[in-house]
*Asks:* 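Dropping a structure here in structure tokens format, bear with me for questions.
These numbers come from the heavy atoms of this one structure, side chains and all, not from hydrogens, waters or symmetry mates. Throughout, residue positions are numbered sequentially from 1 according to the sequence presented.
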Amino acid sequence: MNGMHAGNMPAAMVGLPTPAGHQAELNYIYGLVEELSRQLAQNQRALEEVVTGVGKVRGRARSQSLTNDELLNAAGEELKNQDENIDQLVSVLTEALEKAKFSRDANAALLSQYSQVMYTMLKKFHEYKAKHVQDVAAWHHSYRAQLAEARAENSRLREQIWEMQAHAGKANELVRKFRAEYDKNEKRWERTVDAKAMRQELRFWKRMAMPELPDDDEFWSDDDDIIDRAEKERQKELQKLDAEQQAQAAQAVAEETAANEAAESSGLGEMSVSNGSGVTGIPTEVPQSPVS
């Protein structure tokens with residue numbers, strides 16, 4: 001029994017994956033089985049001693065030709081000497097048996113709880129796996145639907161871009177044809193050249209009449225036919241407004257800095273006026289804020 005339970009059973013379960021707690025409980029049960037095996041071996045040795053004693057008594061009775069009463073008296077004396085050892089051995093074996101029964105019941109309850117916990121845990125694992133698979137499948141379905149919608153939208157945008165490019169190409173071709181036909185009109189070209197020459201001649205006589213204006217003045221600009229005069233005035237007003245706003249912001253920053261410096265200086269002056277005796281001295285002069 002000792003060789004079968006202590007040696008063969010763990011060797012047969014080597015390939016099975018067992019948790020750490022389960023293995024510890026099995027080791028504890030194996031220890032109890034080994035203890036019971038040792039106690040059984042002791043009981044067998046005690047029984048062998050009893051059988052040996054009975055054989056000795058029979059041999060003595062045959063050799064000495066004793067009667068039954070004499071034999072019983074002699075055996076009674078010997079057994080009386082061994083009563084104390086037998087009673088002690090019986091008490092030890094009874095206590096060990098009670099401990100083994102209690103351990104067996106406790107281990108059975110523990111194994112039942114362990115099996116219930118493992119069943120609950122596996123059930124939760126299966127539920128989680130089923131829910132996870134369902135969620136992943138729903139996510140994939142939604143992702144594929146969104147991807148198909150995005151691809152369809154991309155295709156529509158590409159078709160619109162191609163149509164716009166085709167229309168732009170046609171419009172560019174028409175503009176080129178119009179420009180070619182427009183430039184072929186010699187009378188219009190002559191009128192354009194004459195107008196350019198007249199503007200240049202007018203600018204020349206203006207320079208002669210107004211020598212006080214510098215050469216880089218906007219009045220001498222040659223973009224009168226490109227940029228409207230009102231637009232130029234509007235741009236000047238915008239630039240002037242931006243310059244005023246920047247100047248106001250710089251002035252506000254300077255005033256704030258001066259106020260902070262004045263506050264710090266006044267705080268230092270008040271700290272230097274007071275002393276430990278409560279006597280107030282001559283206040284220090286507060287520096288004036290710089291005029292911006």
Side-chain angles (χ1 to χ4, degrees), residues 129-263 288-292:
K129 181 180 179 181
K131 187 176 182 302
H132 179 69
V133 171
Q134 185 178 1
D135 293 340
V136 170
W139 180 80
H140 277 290
H141 181 71
S142 176
Y143 173 75
R144 288 174 181 174
Q146 293 177 3
L147 185 60
E149 184 178 358
R151 287 176 177 173
E153 184 66 21
N154 190 14
S155 299
R156 288 193 296 269
L157 291 176
R158 286 179 180 274
E159 291 177 357
Q160 292 178 3
I161 291 172
W162 293 337
E163 292 178 357
M164 290 172 59
Q165 289 177 351
H167 291 307
K170 292 181 180 179
N172 193 13
E173 183 66 23
L174 293 175
V175 169
R176 284 199 299 268
K177 291 181 179 179
F178 172 76
R179 185 61 182 269
E181 295 294 333
Y182 185 77
D183 291 339
K184 288 180 180 179
N185 192 349
E186 296 180 357
K187 293 181 180 180
R188 188 202 59 77
W189 179 252
E190 291 176 358
R191 288 196 301 269
T192 303
V193 173
D194 294 339
K196 184 72 172 179
M198 290 176 63
R199 283 198 302 272
Q200 291 178 357
E201 184 177 359
L202 179 60
R203 191 176 298 110
F204 171 76
W205 290 113
K206 285 181 179 180
R207 284 179 182 273
M208 295 295 292
M210 293 181 291
E212 68 275 5
L213 293 178
D215 294 338
D216 57 350
D217 193 271
E218 295 182 357
F219 187 75
W220 311 122
S221 177
D222 194 21
D223 55 359
D224 296 340
D225 57 342
I226 300 175
I227 301 177
D228 189 13
R229 185 177 297 274
E231 179 66 18
K232 290 183 179 181
E233 294 296 333
R234 192 179 69 83
Q235 294 293 337
K236 288 181 181 179
E237 292 295 333
L238 291 176
Q239 293 177 1
K240 184 178 179 181
L241 182 61
D242 292 339
E244 291 178 356
Q245 290 179 356
Q246 291 178 2
Q248 291 176 1
Q251 184 178 0
V253 171
E255 290 177 356
E256 184 178 359
T257 304
N260 293 333
E261 292 178 356
Q288 298 296 329
S289 60
V291 179
S292 57

*Asks:* Out of curiosity, Lys196 NZ to Asp194 CG, how far, rounded to the nearest 0.5 Å?
*Replies:*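 Taking NZ in Lys196 and CG in Asp194, the distance rounds to 13.0 Å.
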*Asks:* Would you compute the distance between atom CD of Glu261 and atom CD of Glu256 and round it to the nearest 0.5 angstrom?
*Replies:* 11.5 Å
*Asks:* Verify, without hydrogens or angle tests, whether Ser142 (side chain) and Ala138 (backbone) share a donor-acceptor contact under 3.5 angstrom.
*Replies:* no
*Asks:* For the atom pair NZ (Lys236) and CZ (Arg234), what is the distance rounded to the nearest 0.5 Å?
*Replies:* 13.5 Å
*Asks:* Tell me the salt bridge (Lys or Arg N to Asp or Glu O under 4.0 Å) pairs involving residues 146-156, sequence neighbours left out?
*Replies:* Glu153-Arg156
*Asks:* Taking atom CD of Gln245 as the centre, does the number of heavy atoms from other residues, nucleotides or ligands within less than 6.0 Å exceed 12?
*Replies:*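 Yes.
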*Asks:* Rounded at 0.5 Å granularity, tell me how far CD in Gln246 sits from CG in Leu241.
*Replies:* 10.0 Å
*Asks:* For Glu186, does the CD atom sit with more than 12 other heavy atoms under 6.0 Å from it, leaving out its own atoms?
*Replies:* no
*Asks:* Going by heavy atoms in the side chains, are Glu173 and Lys177 under 4.5 Å from each other?
*Replies:*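 Yes, side chains in contact.
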*Asks:* Say you draw a straight line from NE2 of His141 to CD of Gln146; how long is it, rounded to the nearest 0.5 Å?
*Replies:*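 His141 atom NE2 to Gln146 atom CD measures 10.5 Å (nearest 0.5 Å).
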*Asks:* Check the pair Lys187, Glu190 against salt bridge (charged side-chain N to carboxylate O under 4.0 Å, His left out), reporting the backbone distance first and the verdict last.
*Replies:* CA-CA 5 Å; Lys187 293 181 180 180; Glu190 291 176 358; over 6 Å; no
*Asks:* How would you list, by chain and number, every residue that makes a side-chain hydrogen bond (donor to acceptor under 3.5 Å, both in side chains) with Thr192, sequence neighbours excluded?
*Replies:*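 Listed in chain order: Arg188.
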*Asks:* Quick one: side chains of residues 162-172, donor-acceptor pairs under 3.5 Å with protein atoms, not counting sequence neighbours, listed by atom name and distance.
*Replies:*
| from | atom 1 | to | atom 2 | distance (Å) |
| --- | --- | --- | --- | --- |
| Asn172 | OD1 | Arg176 | NH1 | 3.4 |

*Asks:* Looking at CG of Asp135 and NE2 of His140, how far apart are the two atoms once the value is rounded to the nearest 0.5 Å?
*Replies:* 11.0 Å
